[in-house]
Amino acid sequence: MNINRKIFKGCISYPVLFFVLKMVIQYYYDRDVRWMENTIISVMMVFGIMFVNWTDIPYKWKKRTDKAHT
């Protein structure tokens, strides 16, 4: 359960901030908000941040095999 918290930690805040700022900027300059584009980019950012957080977790099997060979 601790691994899941580390993966999901902070992966929502940046995409939501991006989504809101992008909408405000698009509405302010164009009066035309591109909802699908902003949503897709935000979802891709969530998965990208989750992937980066997942790659930071060390593998337990690697630690066990190193101890077994020494």
Side-chain angles (χ1 to χ4, degrees):
M1 195 64 139
N2 190 18
I3 293 173
N4 290 340
R5 287 184 189 157
K6 186 173 182 179
I7 291 173
F8 293 120
K9 183 180 179 183
C11 70
I12 299 295
S13 58
Y14 291 121
V16 169
L17 181 66
F18 170 80
F19 184 77
V20 170
L21 287 176
K22 189 79 170 170
M23 283 188 344
V24 168
I25 290 170
Q26 286 176 355
Y27 183 76
Y28 181 74
Y29 287 112
D30 297 334
R31 300 279 190 227
D32 182 30
V33 177
R34 295 181 295 267
W35 292 96
M36 287 302 290
E37 178 184 325
N38 296 339
T39 304
I40 291 170
I41 292 172
S42 297
V43 168
M44 289 173 53
M45 285 175 66
V46 167
F47 287 128
I49 293 171
M50 282 175 52
F51 178 74
V52 169
N53 289 342
W54 176 71
T55 57
D56 286 340
I57 298 172
Y59 289 105
K60 291 182 182 179
W61 62 269
K62 180 66 175 168
K63 292 178 184 177
R64 282 186 274 151
T65 57
D66 287 343
K67 290 179 183 177
H69 291 293
T70 57

## Note on the structure
Residues pairing under side chain to side chain donor-acceptor pair (under 3.5 Å) where one sits in residues 12-22, two or more places apart or in two chains, turn out to be none
### Summary
For residues 38-51, the salt bridge (Lys or Arg N to Asp or Glu O under 4.0 Å) pairs (sequence neighbours left out) are none
Donor-acceptor contacts under 3.5 Å from residues 36-52 side chains, at least two apart:
from	atom 1	to	atom 2	distance (Å)
Glu37	OE1	Arg34	NE	3.1
Asn38	OD1	Gln26	NE2	3.4
Asn38	ND2	Gln26	OE1	3.0
Asn38	ND2	Arg34	O	3.1
Thr39	OG1	Trp35	O	2.7
Ser42	OG	Asn38	O	2.9

### Message
Check for me, please, whether Tyr27 and Met23 land in the same ILVMFWY cluster - side-chain distances under 4.5 Å, paths through other members count.
### Response
yes
### Task
List, by chain and then residue number, the residues other than Ile25 in its hydrophobic cluster (Ile/Leu/Val/Met/Phe/Trp/Tyr, side-chain heavy atoms under 4.5 Å); write none if there are no others.
Tyr28, Tyr29
